[in-house]
Trainee: 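Structure in structure tokens, see below.
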Amino acid sequence: MAWILAQRAVALALTLLAASILVFVVLEVLPGDPALLILGVNAREDTLAALRATMGLDQPAVWRYLTWIGGLLQGHFQNSLTYGVPVDELLAPRLAVSLPLAALSLSLAVALALPLGVLAAARRGRATDTAILALGQLGVAVPNFWLGILLVLLFAVTLHWLPAGGFPGWEAGVGPGLAALILPAVALALPQAAILTRVTRSAVLEVLGEDYMRTARAKGLSRAAALWHHGLRNAMIPVVTILGLQFSFLLAGTIIIENVFNLPGVGRLIFQAISQRDLVVVRDLVVLLAGTVGVVNALVDLSYAALDPRLRHGADGARPDD
Amino acid sequence: MPLSFARGPARAVAAFPVLAAVLAAAISSWPLTARAAPPDSLVMGMVLEPPHLDPTAGAAGAIDEVVYANVFEGLTRIGPDGAVRPGLAERWNVSDDGLTYTFRLREGVTFHDGSAFTAEDAVFTLDRARADASVNAQKGLFEAIDTVAAPDPYTLVVHLSRPQGRFLFNLGWGDAVMVAPESADTNKTAPVGTGPFRLTRWVQGDRVELEAYPDYWGEAPALTRATFRFIADPAAALAGIMAGDVDAFANFPAPEGLIALETDPRFSVVIGTTEGETILALNHRNPPLDDVRVRRAIGHAIDRQALIDGAMFGHGTPIGSHFAPHHPAYVDLTGLSPYDPEAAKALLAEAGITPGALSLRLHLPPPSYARRSGEIIAAQLAAVGIQTEIIPVEWAQWLEQVFRGHDFDMTIVAHTEPLDIDVYARDGYYFGYKNPTFNGLIATLDETTDPVKRAELYRQAQTRLAEDAVNGFLFQLPKQGVWDARLHGLWHNSPVQANDLTGVSWSE
Amino acid sequence: MIRSPHLNRSRLSPAGWVGGGISAVVLGTALLSLVWTPHDPTAMDIAHRLADPSATHPLGTDHFGRDTLSQLMAGARVSIAVSLVAVGLGAGLGVPLGLLAAARRGWLDEAVMRFNDLAFAFPALLTAVLLTALLGPGAINAILAIGVFTIPVFARVTRGAALAIWKRPFIQAARLAGRGRARISVDHILPNIAGSLIVQATIQFAMAILAEAGLSYLGLGSQPPEVSWGRMLNEAQTFLFLDARLAILPGMAIVVTVLGLNLLGDGLRDRLDPRLHARGAPRPNSHVDRI
Amino acid sequence: MALLDIQDLTVTIPGSTRYAPPVRLLDGVSLTLASGGTLGLVGESGCGKSLTALAILGLLPDGLRAEGAIRLDGEDLLTAGERRLCALRGRRVAMIFQEPMTALNPVRTIVDQVAEGPRRHLRLSRRAAREHARAVLHRVGLDPSRVSPDQYPHALSGGQRQRVVIAIAVACGPALLVADEPTTALDVATQARILDLVRDLVQGEGMALLMISHDLGVIAETARDMAVMYAGQVVEAGPTARVLAGPRHPYTSGLMAARPQRAGQPGAPLPAIPGAVPPPDARPPGCPFADRCARADTGCRTRPPLGTGPDHRHSVACHHPLEASP
């Protein structure tokens, strides 16, 4: 277990190192001078030079990379070029939007997909199964941003039930906050749920064909009891794998969805920062996101061990999937 | 033999989506249509968020749109009509040679931190703006200043090195607002000015909240709270104002959205003027754009009305030169470059260009007026045999590649600074226009203070540009104001980029 | 869990046929748009903008008065072209990489897999956004951005399928006969995993259509005067209150296309993918003592 | 009254199209087993032995149809409701499976899996069920000092796992124990010990045993009566000693001839009998064994044989049975 953890940590560190170098280099060659953007068309050469100096842009690239990474390792974030405040201060209020959004859509997706997937598997080949499969196919094909637009059209423009976009802030209360997040969360969740439903269905079907399910039935357990007590935990392994993979899609999805719904979250911040050439914010966010994906993948691996005792001792330490 | 799944658990699993639906219904029952703010407060929507809140250290118009006249004040201020009015300077004298300005400052003015505003602060402000290490985006405004002195706490004497006709106007810009030495360096995030409102909170990416400053020297504003919300997406902006989340947009981002709002009695839609001349800038450095016949051909190829209809949904005034139509010195020169594709083709032929042989790049910055106009112009140019490659760019790239790098053929941009016809006299300016006669006109203008003579010089300058077909002159950007019909006192026009809230109030 | 012995595995399922039909129609429309559209998809007629559907404009016009039907047809062309080239790029690099990794194993295999992990650690869209910010928006760069993320998918699938084939006796025999690893990869491995690859390509193609739409929606895909479904959606978004039709139609085009490709992919998977019998789907006879 | 009485059990799978006829997997199987008795069911792989076992437990795969009657204590299981079947499974009739490697849930401890039946059927508390399970595990030879009941299956050897499977089956003291090839997946030494355990349990607890095996040796050691199945039908049945001493069906004799080879691989063709079991959808109209039978004539290929025998205890379904030995 400890060995797996150590392996994971080293891999993650290497990934992050590669990611940081990659993003730094990309941003170095990205056209657009942040100082010029701040000072605009009437800026004079001496003014620009003065601003670049205050932003530290006149230092050599290697030095800037090292001070950046060194600072990050000590938990010290540099100041955003546009906002002039440390990135973590900028990030905190954004996370207060993006994290609840991600959590909401993820739990929505899971709450929809697991029961539907199990139901479809249990009713395999019947009308219920066919309907769920058809809905799933449709869900996979719908781009989340278009779904977002449709939801706005229906619930905001036509019915006036929910706000079309924007975020009132949590200080306005939990209710209005959640109300602002519900449509974006649904737009993010439904396509994910469609994929998850299909995975759950086939995982449960596979488990239903396992010998130990028959053993359980031979003990006198009903189909449902056998599925509940013996099937679900085994079926969860591929589902958790896909959930982990989806997390990265979820991050990407929030970038688009936050733009559709005008939510001041991390996704909008990164989009803004790229267009404003706020190199400091972009590189911090990219490394942060890559790190989050890495940590989530590691958590997925750990959850295998929680789900499957065979992996706890590293006996046959391969992933059950693949 | 029963082979189906037992019924009980099927019902149990089916309960999950039901729960979710109930949860959604519970949330949706929250009151959402209530007006966003009580009558002594205002939520103002803006398209762009200011990068920071110090108008003396950045060019972004959004900074001024939040803080100008609200948080920060200058010695003079620009009124809604564009005229210079007294600000923190109660009155002033100008010496006969036009070189010495003596300002009498208001007494009893305090900064938001409680410290008094005196002539020492004014000296500090002006010296800081023109210092070597200055990061003022409009350092050129202070170029003519020779010395600044404070003989007593309420008197400020400024000596110029040369007469400058627009000096008092310049002092009314956001870049010239008064700041205190103690807070100058932190104004970006914690602005400390002398205005009627002070900052209470800034949620980056979302909003800036202001509240009335109780010790304001002047008449207290009717509003006690004001919130600026940043909504970049036009659809979200429309939804926001429809839902009452936002009370006003000084400049609504999408002209098509106005169609729905104009017929709605809940809203006032006021189309005003801005200082934004929208032009199709041509790079004179790149042949054949150095050929006046080609530039004129481009002028004839453009159907301004189609442009205004298609890109701006009918809002906007066609222009024939680089000058705002609402200015007294404006001359309508659109007749010099009427829409005439045949004339355009003839001119191109005259310049030796075979149809389809000329291909030009068109760099388009992000605003929708530019992107949409670009698409239409590309189609119009194609009709006279000029191929166009559309290259959308972010502002950062536009500034570096187009504005400074001069690596472009054509671009569409609105020049939003007031009375900025002088940019055509600048050496090495991005479109590369060179005309000694025009430069002479501008030099004379700069030193002329007599309004009548200035107007005449402006007319000559406009005509010169139109005759030289320096750029494609498209239309004056409208100010598309939309607000709750019960709101009063918002500016109808925008002579400077500002949302002055001092006179805003709710009827009821 | 018993499959009838009568079940004919060589036939496509009805859903597969539907998917194939939809894909064919979309492809046909794209090809047709090369030679004929009801109107020039880029021709503006500002006087007749936002027109409702009529005899001249069966699906109405957009904010510049362009014919929506013609635009949708031309959009199919761009979506398919971008996706096809992107998937071709991904397969063209990913498949050899996967074959190589499976044939050589060792450090090369390890390097390929780590590269995969790295690619998966980055949110694909974020990288695509960065890439287009770096290179400028446009169809070519959208292809690059999408293609880059298709490479590891193909590499992984190829490697997995190839490894299974390498263990087969006939490959061992070929090895003993002195054939080189490269030869075996091309002559024996590739034909045996082609089914899986075709299925994967179909699915990736659908993903690429979605990705292209997403990039174009953000304004990072193909540029005017080229028409694409994603950009049509982007442009339509501000007209939501005026004319929802403009936002609904391109979205439906995307959904139908992706749906068709996914159905086709699933149908092909049932028919072509041998791994189906190994996992994921019901195992025939697992319960019954070999009837 | 017999404990288990199977009459004319036929299991069919519907045709893949509307016009295709249903395929018969089991064709008129009749078996009886008295309380406390032992019955062996033998035949090559694919003869329908396991399907018979699953039919008794009511665990036929989805889509299969069973007709005829399976009576347990006089109660017809084919018409019983699912709820009733759940109450009987594990309590009155239990089953030992062939593959100990896959028959156990990998994510639950063995004591958990053994305790589940008692908790349900014997209405024991969680704690009492676990105590019971520990005792059963000890009874099947898993000494708690050597094999912790809190282990997961993957930590156990094949033989140990099969003991757990047996423990699960016998935990509630069923009247009928169905053992489906319980030793096939095990090595020879372990096979013997597991067989001893099964025999010991059956005798000790007074259970009836239906032993299913392709191995005549296993049947000879454990069953007093036996039935030989071929292609979904019972072709010969009688007291084990009599049948083995004088097989009357050519197939039975073929099986016996093949015995010394002990085909290790299930499903491998028996060397003494040429050909293989015909698949269910390709059975000949007459005697299903006709194609492999040296004694077959044209009548064998067209007319199905009827069950006959020298007396009612030893029956055979063959047109040309071998001579009964004295």
Side-chain angles (χ1 to χ4, degrees), chain A residues 1 120-126 128-129 201 203-241 302-321, chain D residues 50 53-54 56-63 82-110 112-122 150-155 161 164-165 167-169 171-172 174 177-178 180 185:
Chain A
M1 198 64 177
R123 297 268 157 96
R124 177 168 196 237
R126 293 154 171 247
T128 319
D129 181 29
R201 177 182 176 273
V204 170
L205 278 183
E206 183 158 356
V207 164
L208 283 178
E210 293 288 350
D211 286 350
Y212 55 78
M213 292 301 286
R214 198 179 48 190
T215 308
R217 297 270 285 136
K219 273 183 228 180
L221 269 63
S222 67
R223 268 173 192 258
L227 183 58
W228 185 254
H229 293 289
H230 292 271
L232 280 187
R233 206 162 124 193
N234 284 292
M236 277 310 100
I237 291 172
V239 173
V240 165
T241 309
L302 289 184
S303 68
Y304 291 144
L307 286 169
D308 190 341
R310 283 168 292 187
L311 301 178
R312 267 173 235 170
H313 312 279
D316 18 358
R319 280 198 200 180
D321 190 29
Chain D
S50 292
L54 289 175
I56 295 168
L57 270 91
L59 290 177
L60 284 174
D62 285 348
E82 176 66 18
R83 184 180 283 270
R84 177 65 187 148
L85 286 175
C86 283
L88 290 175
R89 280 186 213 122
R91 181 73 184 92
R92 295 290 294 160
V93 51
M95 186 155 170
I96 302 169
F97 295 98
Q98 180 176 352
E99 292 284 347
M101 309 310 275
T102 56
L104 294 173
N105 188 340
V107 304
R108 299 189 57 186
T109 60
I110 56 177
D112 246 19
Q113 300 191 47
V114 178
E116 220 171 349
R119 184 157 159 65
R120 240 154 236 278
H121 294 301
L122 310 180
D150 294 317
Q151 285 280 16
Y152 289 94
H154 68 86
R161 288 192 215 189
V164 177
V165 173
I168 291 174
C172 299
L177 184 63
V178 180
D180 182 7

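Since the model is a prediction, treat every value here as computed from it, not as a measurement.
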Trainee: Could you pull out all residues at least two apart from A:A235 that satisfy side chain to side chain contact (heavy atoms under 4.5 Å, CB included)?
Mentor: A:A203, A:V204, A:V207
Trainee: With sequence neighbours left out, write down each residue that passes salt bridge (Lys or Arg N to Asp or Glu O under 4.0 Å) with D:R92, or none if nothing qualifies.
Mentor: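 D:D73.
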Trainee: Below 4.5 Å from any heavy atom of chain A, which atoms of D:L57 appear? Answer side chain, backbone, both or neither.
Mentor: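 Contact with chain A: side chain only.
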Trainee: For each of D:D112, D:T102, D:L88, tally heavy-atom pairs with chain A at distances under 4.5 Å, and name the one with the top tally.
Mentor: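 Among the listed options, the one with the most contacts to chain A is D:T102.
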Trainee: Is D:P106 close to A:Y212 at the side-chain level, that is, under 4.5 Å between some pair of heavy atoms?
Mentor: yes
Trainee: Top residue by heavy-atom pair count (under 4.5 Å) with chain A, among D:A87, D:G117, D:A103?
Mentor: D:A103
Trainee: Given 3.5 Å as the limit, does a donor-acceptor pair link the side chain of A:H229 with the main chain of A:A216, or not?
Mentor: no
Trainee: Counting heavy-atom pairs closer than 4.5 Å to chain A, which one of D:C172, D:A94, D:G90 comes out on top?
Mentor: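 Top count of heavy-atom pairs under 4.5 Å with chain A: D:G90.
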Trainee: Tell me, out of D:M95, D:Q113, D:M101, D:E116, who's got the most heavy-atom pairs with chain A below 4.5 Å.
Mentor: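 Going by pairs under 4.5 Å, I would pick D:E116.
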Trainee: Taking side chain as everything from C-beta outward and backbone as N, CA, C, O, which of these in D:R120 sits under 4.5 Å from a heavy atom of chain A? Side chain, backbone, both or neither.
Mentor: side chain
Trainee: Check this for me: does any side-chain nitrogen of one of D:R89 and D:E82 sit under 4.0 Å from a carboxylate oxygen of the other?
Mentor: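 So D:R89 pairs with D:E82 through a salt bridge.
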